[in-house]
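Only one structure is covered here, and it is reproduced in the block below.
These values consider heavy atoms only, across backbone and side chains, with no hydrogens, waters or symmetry-generated copies. Throughout, protein chains are lettered first and strands after them, A, B, ... in sequence-line order, and every chain is numbered starting at 1.
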Amino acid sequence: MGNHDPRRLPARWGAELNTRLLEHADRVTEATARSVAWLTALMVVLMVTVVVLRYAFDQGAIPIQEAIVYLHATVIMLGIPCALRDGVHVRVDILHSRLSERARGIIDVAGHLLFLVPTCLLILYFSIPYARNAWLVLEGSPEVGGIPAVFLLKTLIPVMAVALLLQGLAETVRRLPIILPSHFGSER
Amino acid sequence: MVELIPIFMFLAVFAALLAGYPVALTLAGVALLFALGGMAGGTFDGRDLGFLPGRLFGIITNPTLIAVPLFVFMGVMMEKTRIAENLLSSLSRLMAGTPGGLAFAVIVVGMLMAASTGIVGASVVTLGLMSLPTMLRDRYDPAFASGTISATGTLGQIIPPSIALVLLGEVLSNAYQQAQLNQGIFAPDTVSVGDLFAGAVVPGLILVGLYLAYTMLVAFLRPGTAPAASSVADAVPDAVPDAVPDGSGWQLLGGLLPPMLLIVAVLGSILAGYATPTEAAGVGAAGATILAAAYRALDVGVLRQVCRSTFDTTAMVFFILVGASLFSLVFRGYGGDDLVHSWFNDMPGGTWGALAIVMLVIFLLGFMLDFIEITFVVVPIVGPVLLAMGVDPIWLGVLIAVNLQTSFLTPPFGFALFYLRGVAPPTVSTADIYRGVAPFVLLQILLLCLLFIWPSLATWLPERIYR
């Protein structure tokens, strides 16, 4: 019977899981990107505030300055996984642009598995203890009057690694139908 | 064999990059594979990788680099709300009737736009879309038109305040400190992003002057190549009709003066030492937003696009920095620094020989990699060695910037040419583009020669301002 073909059954599961997983992942990523992107405008506003306070009122504004650093770090660390989905990370496209869609899919999947996953795991391996040490002492600002939440800032590093790992897996799943059409496209 | 591993790392990374997987992850992944291989074989100390979280934390909290998202915001705002396009249309109206007038306008606008974009692809594409169709319609020679646009699009590397110079300044500043510490100088001189901005002003203006002079020469000698716009109305279709409804003087000034003043104010406040590059970038971003609102080109949708684009570009730039820092950690762990050092010291011709080799390598790498990657991967490796040999850091920075810009323009691999090809109509042949850009490449080489003969072209202004 067709149903007992060991190659067909998991394939159909795969196709369904594929679509559902991707829909979820894309929704989360898009929502994150949309909201975090606004922080760049907030950075501009706060920077102008710092400048006005400093030049017009001769006032330092360490908490605001540090707030800009926090926003900046958040934009970068959450932006990296979102940018992977949006495909904005630069590539050397001398050869890439001439390849077929399938060849590009294979390169992406190979890259995700060979480069992205190990890199994320490495960052996690070292940054979890790094962040944990900061949490243990609830590490604060080196500046007097600064924002006492450096431990949160350091937590962004493992957060980025996990988010990038998940996004990398989602992108791998997304490419599967392109590089393995016999497993995914055969239903219709 | 073991001491040659850094070279294999370099070769492996360039082979892997050619596949076209994102650069940041290729750098990180190849480095990691080498590190794991070395740990298995006992030639690499895995504890070196333990510095990674500290490095990453340093990258995301670096106060100078906060200027990057702010400058990107300013540039994207001027592009998306068509302030730049409007500037071009005003200027070309002003120049209508002058042979080569449109080319003049493109060069001047490109110079001003360069200030805030600094990513080669973006400025060439924007300029190409804005001005190539009009130049062709005005019967400009396609080769001359595409040469002008490609060359002007790369000015973003050298005209401050460009993002490229912010990144290069930051990397050189670290390299300079390290070079002095290695020599046992514990109260090192510093070089800042502001210094590099100041150093790039004179060479940048010389370059723009050379471009303009060449255009004038062409328009004078061969009027058929760069004719005067047939009529004012034909010059450039209005980008923002509200702002430039007709050609009257006040309307022209309205489209022309505010953006120019904004850019001059941002650069001026940095050079005069009133503001740090980061502060100036913040004020510039706010200024561009206010300008957009004044031209009635701003609404929530546009603001959302600007924020999103800033967000993506920022992530892209910093991710390369993340990948490059892992790469250089492993490269150093394998003694790559010492290898480069001993190579350079044995180089025939001493400092000049070393400098020439570095410039050649960077020129060739420019065919493949954008400014950001070269700044983060190559400069931290060769910078400290060259600076320790007594090369002036500002001069080195300006040389690298002009050199890369030349590389981006040189056929057949120059980046800028690919981007222009992408937006040029089929009536412009690739051979046209190559032919048109050749004179500009010669002008670039002329500037490089001038800089080699008179380093003070780069170092004079910073010394005047800061010392």
Side-chain angles (χ1 to χ4, degrees), chain A residues 33-34 36-41 43-48 50-51 54-55 65 68-69 72-73 75-84 86 88-97 99 104 107-108 110-112 114-116 118-119 122-123 125-127 129-131 153-154 156-157 160 168, chain B residues 16-26 28-30 32-33 36 49-50 52-54 56-57 59-61 63 65-66 69-70 72-73 274-275 278-279 281-283 285-286 289 303-304 306-308 310-316 318-320 322-323 326 367-370 372-373 413 418:
Chain A
R34 278 190 164 215
V36 177
W38 286 107
L39 299 185
T40 57
M43 285 176 72
V44 174
V45 172
L46 291 183
M47 197 71 229
V48 172
V50 168
V51 171
R54 188 166 134 200
Y55 293 94
Q65 251 165 346
I68 298 173
V69 175
H72 175 68
V75 164
I76 297 170
M77 289 317 225
L78 297 182
I80 288 173
C82 296
L84 185 71
D86 294 348
V88 291
H89 287 306
V90 272
R91 302 164 180 268
V92 174
D93 52 8
I94 296 179
L95 299 176
H96 196 252
S97 53
L99 298 175
R104 282 189 244 173
I107 286 174
D108 275 357
H112 292 332
L114 201 63
F115 294 158
L116 183 144
T119 302
L122 175 88
I123 296 177
Y125 178 81
F126 286 107
S127 67
Y130 183 74
L153 212 46
K154 290 190 171 171
L156 279 172
I157 300 173
M160 182 277 276
Chain B
L17 281 172
L18 278 178
Y21 188 66
V23 173
L25 283 163
T26 308
V30 169
L32 184 56
L33 294 181
L36 292 178
L49 294 175
L52 189 61
L56 297 187
F57 186 72
I59 291 170
I60 60 177
T61 56
L65 294 182
I66 292 179
L70 299 172
V72 172
F73 192 101
Y274 285 135
T278 314
E279 290 168 341
V283 175
T289 313
L303 190 60
R304 178 184 293 133
V306 172
C307 287
R308 184 59 178 270
T310 308
F311 173 71
D312 279 338
T313 307
T314 306
M316 181 273 281
F318 282 86
F319 197 30
I320 295 172
V322 168
L326 182 55
F367 288 154
M368 244 173 78
L369 299 177
D370 205 342
I372 314 166
E373 293 97 301
F413 294 117
F418 283 114

Next on the checklist: If you compare all heavy atoms of Phe115(A) against all heavy atoms of Leu25(B), which two are closest, and at what distance to 0.1 Å?
Outcome noted: CB-O, 3.6 Å
Checklist entry - Using a cut-off of under 4.5 Å for heavy-atom pairs, which of Leu78(A), Leu39(A), Leu116(A) has the most such pairs with chain B? => result Leu116(A)
Checklist entry - Do you know which of Gly29(B), Gly20(B), Ala315(B) has the most heavy-atom pairs with chain A at a distance under 4.5 angstrom? => result Gly20(B)
Item to check | Non-neighbouring partners of Arg304(B) that pass salt bridge (Lys or Arg N to Asp or Glu O under 4.0 Å), sequence neighbours left out | outcome: none
Next on the checklist: For a 4.5 angstrom cut-off between non-hydrogen side-chain atoms, does Ile68(A) reach Thr278(B)?
Outcome noted: no
Checklist entry - Any chance OH of Tyr125(A) has more than 12 other-residue heavy atoms, nucleotides or ligands included, within less than 6.0 Å? => result no
Item to check | Tyr55(A) side chain vs Tyr274(B) backbone, donor-acceptor pair below 3.5 Å | outcome: yes
Next on the checklist: At a 4.5 Å cut-off on heavy atoms, which part of Asp108(A) comes close to chain B: side chain, backbone, both, or neither?
Outcome noted: both
Checklist outcome for this item: Counting heavy-atom pairs under 4.5 angstrom with chain A, the leader among Ile60(B), Val322(B), Leu33(B) is Ile60(B)
Item to check | Choice from Val48(A), Leu122(A), Leu46(A), Val50(A) maximising heavy atom contacts with chain B below 4.5 Å | outcome: Leu122(A)
Item to check | Check against side-chain contact (heavy atoms from CB on, under 4.5 Å), Trp38(A) and Leu303(B) | outcome: CA-CA 9 Å; Trp38(A) 286 107; Leu303(B) 190 60; 3.7 Å; yes
Item to check | Segment of Leu52(B) engaging chain A (4.5 angstrom heavy-atom cut-off) | outcome: side chain
Next on the checklist: At a heavy-atom distance under 4.5 Å, which candidate from Ile76(A), Ile123(A), Thr119(A) has the highest pair count against chain B?
Outcome noted: Ile76(A)
Item to check | Trace of the side-chain contact (heavy atoms from CB on, under 4.5 Å) decision for Val75(A) with Phe318(B) | outcome: CA-CA 10 Å; Val75(A) 164; Phe318(B) 282 86; over 6 Å; no
Next on the checklist: Which label fits Phe319(B) and His89(A): parallel for a plane angle under 30°, tilted from 30 to 60°, or perpendicular past 60°?
Outcome noted: tilted
Checklist entry - Do you know which of Leu36(B), Leu49(B), Leu70(B) has the most heavy-atom pairs with chain A at a distance under 4.5 angstrom? => result Leu49(B)
Checklist entry - Is it the side chain or the backbone of Ile107(A) that comes within 4.5 Å of chain B heavy atoms, both, or neither? => result both
Checklist outcome for this item: By side-chain contact (heavy atoms from CB on, under 4.5 Å), Tyr130(A) pairs with (sequence neighbours left out) Lys154(A), Ile157(A), Pro53(B), Phe57(B)
Next on the checklist: Out of Met160(A), Arg34(A), Arg54(A), return the one with the most heavy atom pairs under 4.5 angstrom to chain B.
Outcome noted: Arg54(A)
Checklist entry - What is the minimum heavy-atom distance between Val51(A) and Glu279(B), and which atoms define it? => result CG2-CB, 3.7 Å
Checklist outcome for this item: Comparing Gly79(A), Ala37(A), Ala110(A) against chain B, the one with the most heavy-atom pairs below 4.5 Å turns out to be Ala37(A)
Item to check | Considering all heavy atoms, the nearest Ala41(A)-Phe73(B) contact | outcome: CA-CE1, 3.9 Å
Next on the checklist: To the closest 0.5 Å, what do you measure between OG1 (Thr314(B)) and CE (Met43(A))?
Outcome noted: 7.5 Å
Checklist outcome for this item: Note: vs chain A, highest number of non-hydrogen pairs under 4.5 angstrom among Ile59(B), Val30(B), Ile320(B), Thr289(B) is Val30(B)
Item to check | Among the listed options Leu114(A), Leu156(A), Leu153(A), the residue most often paired with chain B at heavy-atom distances under 4.5 Å | outcome: Leu153(A)
Checklist outcome for this item: One option among Pro69(B), Pro63(B), Ala16(B), Ala281(B) has the most heavy-atom pairs under 4.5 Å with chain A, and it is Pro69(B)
